[in-house]
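For reference, the structure discussed in these notes is given below.
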Amino acid sequence: VTFSGAAVLGSTDDMTITGSTTVRHAVADTTGVNITARNLTIDTGSTIFANARGCAGGTAGNGSGPNTTTGVCAATTSGYGYSTDGQGGVGGSHAGVGGRSCNNVFTGTTYDTNTGPTLLGSGGGSGGWYGASPAAGGAGGGIVRVALTGTLTVSGSIIANGGTGGTNTTYGAGGGSGGSVHITTG
């Protein structure tokens, strides 16, 4: 099930994700998976999946990051993974700094918070020579927001990891930063 938008249930309504169901964040959708209910249960084998659903990694240059006002991904906004022709790509940043490249190149632009994240993860920079099949940077993680008046029971998983950067014969690309998982319960 690909999800874009909000599932807003009443204050006495419960939601269960069961039967090895995967609820997926639509790629680069700035709303993400947004669930409001009384109780939420995610059974064993089921998941809310937002891995590599955020801002795109670079294919021959920098990755993209979210605009901190609109949430829309662009190539010169916050957190993007940097890339220089003929070098390794830098990992995307989010509430923490992305990883350095093999050439020790580092950007370090951070955004959002680690206690109440709301934005998409940033994409990593590409690696290698732009004109000779550069390795693509990993996409950033997506968004999962859960607001409950009752309880959350997770036997499955909730994940919003950044994607892995690719490799070519010379240099690797930067990985995407993790996305946002923000859960509040009653």
Side-chain angles (χ1 to χ4, degrees), residues 1-57 63-74 77-81 91-99 109-124 137-165 175-186:
V1 175
T2 300
F3 196 88
S4 177
V8 180
L9 305 177
S11 62
T12 60
D13 295 325
D14 298 335
M15 181 175 192
T16 301
I17 301 172
T18 189
S20 296
T21 299
T22 298
V23 176
R24 292 182 190 279
H25 170 192
V27 174
D29 175 85
T30 58
T31 304
V33 176
N34 190 348
I35 299 170
T36 302
R38 179 178 62 179
N39 300 311
L40 173 62
T41 301
I42 303 171
D43 286 343
T44 301
S46 293
T47 188
I48 298 176
F49 180 89
N51 285 357
R53 305 308 242 191
C55 297
S64 60
N67 177 299
T68 57
T69 302
T70 65
V72 175
C73 299
T77 56
S78 54
Y80 65 88
S93 296
H94 192 151
V97 176
T109 304
T110 61
Y111 60 96
D112 222 352
T113 77
N114 59 2
T115 57
T118 61
L119 295 168
L120 295 167
S122 296
I143 300 169
V144 178
R145 293 184 187 106
V146 177
L148 306 173
T149 57
T151 61
L152 171 65
T153 304
V154 180
S155 297
S157 59
I158 300 173
I159 48 178
N161 298 324
T164 303
S177 70
S180 296
V181 176
H182 189 181
I183 300 169
T184 57
T185 61

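Every value quoted in this text rests on a predicted model; they were computed, and no experiment measured them. We're numbering straight along the sequence, starting at 1.
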Output every pair passing salt bridge (charged side-chain N to carboxylate O under 4.0 Å, His left out) with a member in residues 176-186, not counting sequence neighbours, ordered by first then second residue.
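Applying salt bridge (charged side-chain N to carboxylate O under 4.0 Å, His left out) to every pair that reaches into residues 176-186, excluding sequence neighbours, yields nothing.
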Please name the pair of heavy atoms, one in [X] and one in [Y], separated by the smallest distance, quoted to 0.1 Å.
X	Y	answer
S78	P66	OG-O, 2.6 Å
C73	S64	CB-OG, 4.0 Å
A139	A52	CB-O, 3.7 Å
V144	A50	CG2-CB, 3.9 Å
S177	G92	CB-O, 3.3 Å
T115	P117	C-CD, 3.7 Å

Using residues 179-186 as the side-chain source, report each donor-acceptor pair under 3.5 Å to any protein atom, sequence neighbours left out, with the distance given to one decimal.
| residue | atom | partner | partner atom | Å |
| --- | --- | --- | --- | --- |
| S180 | OG | T118 | N | 3.4 |
| S180 | OG | L119 | N | 3.1 |
| S180 | OG | L119 | O | 2.5 |

Measure the spacing between [atom1] of [X] and [atom2] of [Y] and express it to the nearest 0.5 Å.
X	Y	atom1	atom2	value
T36	L148	OG1	CG	8.0 Å
L120	D29	CG	CG	8.0 Å
T110	H94	OG1	NE2	9.5 Å

S93 vs T109 side-chain heavy atoms within contact, under 4.5 Å:
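SC-SC contact between S93 and T109 ruled out.
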L40 versus V154: any side-chain heavy-atom pair under 4.5 Å?
no
Among V146, I143, I48, exactly one meets side chain to side chain contact (heavy atoms under 4.5 Å, CB included) together with V33. Which residue is that?
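One option only clears the test, and that one is I48.
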Residues D14, R38: salt bridge by 4.0 Å N-O rule:
yes
Please answer whether the main-chain N or O of G65 pairs with a side-chain N or O of T77 as donor and acceptor at a distance below 3.5 Å.
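Yes; judged by distance alone, with no hydrogens or angles, the pair exists.
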Determine whether a donor-acceptor pair (N or O, by modelled atom type, separation under 3.5 Å) exists between the side chain of T16 and the backbone of T18.
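No; zero donor-acceptor contacts below 3.5 Å.
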So, Y111 versus S122: side-chain donor-acceptor pair below 3.5 Å or not?
yes
Would you say S155 and D43 are linked by a side-chain donor-acceptor pair, where the criterion is simply a distance under 3.5 Å?
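No - no donor-acceptor pair under 3.5 Å links their side chains.
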Is it true that H25 and F49 have ring centroids separated by less than 6.0 Å?
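Aromatic pair excluded; centres sit 6.0 Å or further apart.
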For residues 157-164, dump all side-chain donor-acceptor pairs below 3.5 Å to protein atoms at least two apart in sequence or in another chain.
| residue | atom | partner | partner atom | Å |
| --- | --- | --- | --- | --- |
| S157 | OG | T47 | OG1 | 2.7 |

